[in-house]
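For reference, the structure is listed below as structure tokens.
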Number of protein chains: 2
Amino acid sequence: MTAAANQNGRRATASRRLERAGIRDVAAAAGVSITTVSDALNGKGRLPDETRSRVREVAERLGYRPSAAARTLRTGRSGLIGLTVTTYGEEPFTFTEFAYFAEMARAATSAALGRGYALVVLPASSRHDVWSNIALDGTVVIDPPDQDPLVTELYRSGVPVVSDGKPGNCPVTAWVDNDHEAAVLGILEHLSEAGARRIGLLTGTSTDTYTRLSTEAYLAWCDRVGQEPVYEAYPAHDPAAGAVAADRLLARPDRPDAVYGLFDPNGTDLLAAARRYGLRVPDDLLLVCCSESDVYANTEPPITTLSLKPRRIGTTVVNLLIDAIEGVDAGSGAVPGRLFPPRYRTAGTGPPPGTLMPTELIVRASSQRRCPRTTVSPPRPPGEV
Amino acid sequence: MTAAANQNGRRATASRRLERAGIRDVAAAAGVSITTVSDALNGKGRLPDETRSRVREVAERLGYRPSAAARTLRTGRSGLIGLTVTTYGEEPFTFTEFAYFAEMARAATSAALGRGYALVVLPASSRHDVWSNIALDGTVVIDPPDQDPLVTELYRSGVPVVSDGKPGNCPVTAWVDNDHEAAVLGILEHLSEAGARRIGLLTGTSTDTYTRLSTEAYLAWCDRVGQEPVYEAYPAHDPAAGAVAADRLLARPDRPDAVYGLFDPNGTDLLAAARRYGLRVPDDLLLVCCSESDVYANTEPPITTLSLKPRRIGTTVVNLLIDAIEGVDAGSGAVPGRLFPPRYRTAGTGPPPGTLMPTELIVRASSQRRCPRTTVSPPRPPGEV
DNA sequence: GGACGTCGAAGAACCGTTTCTCCATGAGCA
DNA sequence: TGCTCATGGAGAAACGGTTCTTCGACGTCC
């Protein structure tokens with residue numbers, strides 16, 4: 001009691017009026033020590049239920065909210081996870097530009113909150129300005145390019161990093177990605193079966209894994225089946241460039257009779273380009289593009305899309321990251337009382353663990369030649385087209 | 001020197017191996033006190049440039065990164081801003097569900113980062129679980145409903161709150177909103193001029209300001225021009241309900257010949273419903289909906305949309321919030337050295353300052369009767385429909 | 001020659017928790 | 001009676017910075 005009053009007395013001398021109640025105030029009001037308050041509120045220590053509930057009640061009455069900063073400083077944990085996209089240039093925030101990012105970020109946010117963490121959206125630029133002002137328990141990086149300096153720096157400073165997209169040449173704790181190779185091959189097969197003779201690709205110029213792996217899979221397939229590759233690459237972050245590239249692709253002398261577009265807007269771009277050249281879809285041109293947008297269910301004609309299932313990815317990435325964050329403490333079991341785990345690194349042997357997740361091809365009219373009546377299928381109601 | 005070695009010695013006794021360098025390590029390595037290090041790195045104090053640069057160089061060499069948690073604890077500033085949507089139910093994260101939120105959040109993120117702050121995405125539920133674990137300098141709330149308990153609690157605990165959407169009955173530091181009344185009136189006039197005789201409204205059931213003000217403006221207009229209101233309301237967070245409501249609206253005996261839909265998906269929903277009833281757009285039905293999506297530029301026919309200019313809103317909201325956060329310190333000039341400003345509140349007189357921002361009506365085919373040749377307009381090229 | 005101002009820097013309090021350590025007290029037991 | 005042990009709780013040391021205060025040394029000025 002005396003001690004509590006004393007501790008509080010020191011503060012009372014200062015001209016504090018409207019300050020929030022601190023743990024000391026609660027302790028004084030409840031007539032216990034701050035240790036007891038902390039234990040009672042956090043469910044630790046050996047306290048009879050009576051004391052516990054009394055302290056809780058006093059804290060409630062005083063509107064006590066523990067200082068997140070102090071807790072973070074002491075425990076070394078902030079409950080904050082960084083989320084960043086590094087690929088598409090420095091300046092413009094491409095978040096939500098493609099439905100993929102939006103969906104993925106949303107799922108990641110939900111998953112994090114479900115486990116008591118919050119997401120902080122951060123820029124790709126590795127300028128310390130913002131990054132080092134925030135205590136992060138870990139970071140999710142979407143599509144890191146080769147040799148990403150940001151990832152390297154984070155890793156060096158001991159922050160766990162999990163990437164969406166297999167990392168090219170930078171060290172991450174773990175990564176999650178779609179099986180892009182299988183996806184592209186599946187699409188090429190799908191188009192071949194629909195009658196395509198020459199399949200073109202609309203791809204990007206950046207070095208992220210998605211672009212690279214997809215393009216490589218396409219080229220390998222061309223090589224295998226003996227088709228000359230027909231593709232156009234453009235900077236994916238520039239929407240105007242996409243339309244131009246689509247146009248170029250269809251203007252080529254060796255015009256493809258089927259096209260797969262790697263990026264979300266490619267579907268509408270290709271559709272518009274096809275119209276300009278008087279090509280009917282799917283009769284003259286089969287179309288598939290990678291997109292999470294359900295816009296393509298309502299275009300004329302509806303366009304077959306490849307979904308990367310961003311929600312599953314976002315959820316998985318976050319869960320892996322939090323596992324890593326929390327797992328370290330459990331893992332260093334030798335010294336139970338350690339406040340700070342040793343630097344966060346994979347064991348040092350071999351590549352970081354990766355998870356491949358399946359994609360989903362949503363087949364619509366744009367990739368099926370008309371008259372599917374030749375196949376065995378149920379008759380349609382007359383009302384539909 | 002001795003002191004520095006001494007301070008460091010205390011730490012060296014513990015078995016710290018891979019720990020990050022702290023300010024004490026830098027001080028020891030540079031042969032100065034930690035005060036000097038702090039001052040040198042933060043550009044404060046009276047130090048000759050030579051010392052300053054030497055300290056900086058040592059810090060760089062040691063890879064020193066100041067602890068954000070410690071800084072936050074001492075200065076009372078975290079550089080973190082919360083961002084939350086409270087309206088549409090507890091569970092599902094509606095972020096990015098509508099293009100409006102996505103755009104707004106993106107602009108807000110950019111604006112915050114530009115001023116050295118980062119955004120934390122937080123759930124609407126006022127459960128303390130996550131909220132009180134994070135040190136926030138302020139919060140942006142999108143569309144707070146009437147009597148939002150979250151906003152009230154934040155306000156009580158002294159965190160500045162700026163809302164996107166005029167707050168109904170909860171105390172905020174400031175707010176930003178579109179002039180919804182003017183927007184709705186503009187649309188109704190636009191439709192009337194296009195020949196509409198009975199204009200219907202597709203609206204929501206929630207109590208956020210957007211829904212409320214828009215609906216009230218519609219009802220007031222009906223009252224004024226002597227039209228019987230024709231509207232359907234549905235829970236905006238449920239996409240399936242939107243399609244049903246659109247259908248209901250067009251199935252009514254007093255079917256409107258023009259409809260304005262308050263929510264993003266209403267355009268496609270209404271278009272689909274119109275098809276089901278054999279209504280041609282715009283011949284039999286004029287259509288406008290509020291949306292930020294450019295999908296409506298490519299529907300058949302293209303649909304007139306009202307844009308709320310979410311980027312401008314997001315930028316403004318964040319700037320107002322940061323002004324409030326930083327302004328307090330500057331304002332309490334009487335005691336320059338104060339660490340903690342007094343509780344953040346508006347002066348206590350009158351409502352919080354609000355800013356109204358204009359909207360933009362993007363007129364497309366869906367809201368213009370055919371044969372505008374009767375009006376004075378340039379002849380069209382023959383290629384177009 | 002002493003008072004004084006300035007420069008450069010060190011000392012130490014403090015921010016508000018968590019948690020390790022330690023101390024009473026009283027019961028159980030030989 | 002003396003010892004051990006469990007219980008309930010207090011004390012105080014961190015955590016890692018920022019910043020207020022102090023202090024010596026050195027010119028300078030009257």
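Chain letters run A, B, ... following the sequence lines, proteins first and then strands; every chain starts at 1.
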Q) Donor-acceptor pair under 3.5 Å: do we get one between T35(A)'s side chain and the base of dG9(D)? A) no
Q. Taking it one step at a time, do V159(B) and W131(B) satisfy side-chain contact (heavy atoms from CB on, under 4.5 Å)?
A. CA-CA 12 Å; V159(B) 179; W131(B) 280 92; over 6 Å; no
Q. Choosing from dT19(D), dT18(C), dC20(C), which nucleotide comes nearest the side chain of I34(A)?
A. dT18(C)
**Q.** Partners passing side-chain contact (heavy atoms from CB on, under 4.5 Å) against T72(B) (at least two apart in sequence or in another chain)
**A.** A69(A), S78(B), A135(B)
Q | Partners meeting side-chain hydrogen bond (donor to acceptor under 3.5 Å, both in side chains) with T51(B) (sequence neighbours left out) | A | none
Q) T315(A): what forms a side-chain hydrogen bond (donor to acceptor under 3.5 Å, both in side chains) with it, not counting sequence neighbours? A) none
Q.
Side chain of R24(B), heavy atoms from C-beta onward: which of dT17(C), dT19(D), dG17(D) has the nearest atom to it?
A. dG17(D)
(Q) Restricting to side-chain contact (heavy atoms from CB on, under 4.5 Å), what partner residues turn up for R56(A), sequence neighbours left out? (A) L41(A), R52(A)
Q | Minimum-distance nucleotide (side-chain atoms of R74(B) versus dG16(C), dC14(C), dT19(C)) | A | dC14(C)
Q: Could you check which of dG16(C), dG17(D), dT19(C) has an atom nearest any side-chain atom of L73(A)?
A: dG16(C)
Listing time: all N or O pairs from protein to nucleotides 6-8 of chain D that are below 3.5 Å?
{"unit_1": "dG8(D)", "atom_1": "N7", "unit_2": "R46(A)", "atom_2": "NH2", "d": "2.9"}
{"unit_1": "dG8(D)", "atom_1": "O6", "unit_2": "R46(A)", "atom_2": "NH2", "d": "2.8"}

Q.
Strictly below 4.0 Å: does T36(A) bring a side-chain N or O up to OP1 or OP2 of dA10(D)?
A. yes
Q: For T152(B), enumerate each residue passing the side-chain contact (heavy atoms from CB on, under 4.5 Å) test, keeping only those at least two apart in sequence or located in another chain.
A: C170(B), P171(B)
Q.
Report for the helix from dG1(C)-dC30(D) to dA30(C)-dT1(D): angle between first-end and last-end helix axes, five pairs each, rounded to 10 degrees.
A. 60°
Q.
Checking R115(B) now: which residues fulfil side-chain contact (heavy atoms from CB on, under 4.5 Å) with it, not counting sequence neighbours?
A. Y117(B), N319(B), I322(B), D323(B), E326(B)
